Amino acid sequence: QVQLVESGGGLVQAGGSLRLSCVASGSIFSINTMGWYRQVLGKQRELVAVITSGGSTNYADSVKGRFTISRDNAKKTVYLQMKSLKREDTAVYYCNVRGATYASSGYYTYWGQGTQVTVSS
């Protein structure tokens, strides 16, 4: 009923740039926060960036000044522009959206399938 489709991942050299996109579809509406998380095998999933419905943003210290999160409410899409990529940024990136559906009485959290980002040198 609710689907998050991610795109934009791939292989890039250190210092390069990459843009991730995540489109929400289905019955979801009244989206609250949208964000990006990443995870490396053997480690916990961590917050990369989040943006509220009002446009307020928050970033992990490791990506501040390099990554930019944005959203297009009309398209129900969240983006992550990544610049000056480092090898440490290599991970599976997951889109996260918190919103309500037409059938729900409250807000729920939804996850994308994940997209691999690999940074080489």
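Sequential numbering from 1 along the given sequence is applied to the chain's residues. Values in this document were obtained by computation on a predicted structure and should not be read as measured data.
- When all heavy atoms of K43 and Q39 are compared, the pair lying nearest together is O-NE2, 3.2 Å.
- In the hydrophobic clustering of ILVMFWY residues, with side-chain heavy atoms under 4.5 Å counting as a link, Y59 and Y93 come out together.
- The two residues G112 and E6 have their closest heavy-atom pair at CA-OE2, 3.2 Å.
- Between the side chain of R71 and the backbone N or O of T52, at least one donor-acceptor pair lies under 3.5 Å.
- By the ring-ring contact (aromatic ring centres under 6.0 Å, His included) test, Y108 is found to be paired with no residue, residues two or more places apart in sequence or in another chain being considered.
- Nearest heavy atoms, C95 versus V97: SG-CG2, 4.0 Å.
- Under the 4.5 Å side-chain criterion, counting only non-hydrogen atoms from C-beta, S17 is in contact with Q81.
- M34 and Y110 fall within a single hydrophobic cluster, where Ile, Leu, Val, Met, Phe, Trp and Tyr side chains are chained together by heavy-atom contacts under 4.5 Å.
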Report, one line per pair, each donor and acceptor closer than 3.5 Å where one atom sits in a side chain of residues 62-69; sequence neighbours left out.
| from | atom 1 | to | atom 2 | distance (Å) |
| --- | --- | --- | --- | --- |
| S62 | OG | R38 | NH2 | 3.3 |
| K64 | NZ | D61 | OD1 | 3.1 |
| R66 | NH1 | S84 | O | 3.0 |
| R66 | NH1 | D89 | OD2 | 2.8 |
| R66 | NH2 | S62 | O | 2.8 |
| R66 | NH2 | D89 | OD1 | 3.1 |
| R66 | NH2 | D89 | OD2 | 3.4 |

Practice problem: Would you please test R98 and T33 for side chain to side chain donor-acceptor pair (under 3.5 Å) and show each step? | Solution: CA-CA 5 Å; R98 184 167 178 80; T33 59; 5.8 Å; no

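- Of all heavy-atom pairs between L4 and Q113, the closest is O-OE1, 3.3 Å.
- Put simply, Y79 and V12 are part of two different groups of oily side chains (I, L, V, M, F, W, Y) that touch within less than 4.5 Å, one to the next.
- In terms of modelled atom types and a separation under 3.5 Å, the side chain of T90 and the main chain of E88 share no donor-acceptor contact.
- W36 and V23 fall into different hydrophobic clusters, where Ile, Leu, Val, Met, Phe, Trp and Tyr residues are linked whenever their side-chain heavy atoms come under 4.5 Å apart, directly or through other members.
- Annotation for T77 and K75: closest pair OG1-O, 2.9 Å, computed over non-hydrogen atoms.
- With T115 as the partner, the side chain to side chain contact (heavy atoms under 4.5 Å, CB included) test is satisfied by one option alone out of V92, V5, L18, L20: L20.
- A donor-acceptor pair is defined here as one N or O able to donate and one able to accept, closer than 3.5 Å; no such pair exists between the side chain of K76 and the backbone of F29.
- For V50 against L47, the heavy-atom pair with the smallest separation is CB-CD1, 4.1 Å.
- Geometrically, R45 engages Y94 in a cation-pi contact, judged by NZ or CZ lying under 6.0 Å from the ring centre and within 45° of the ring axis.
- Q13 places no side-chain N or O within donor-acceptor distance of the main-chain N or O of S121, the cut-off being under 3.5 Å.
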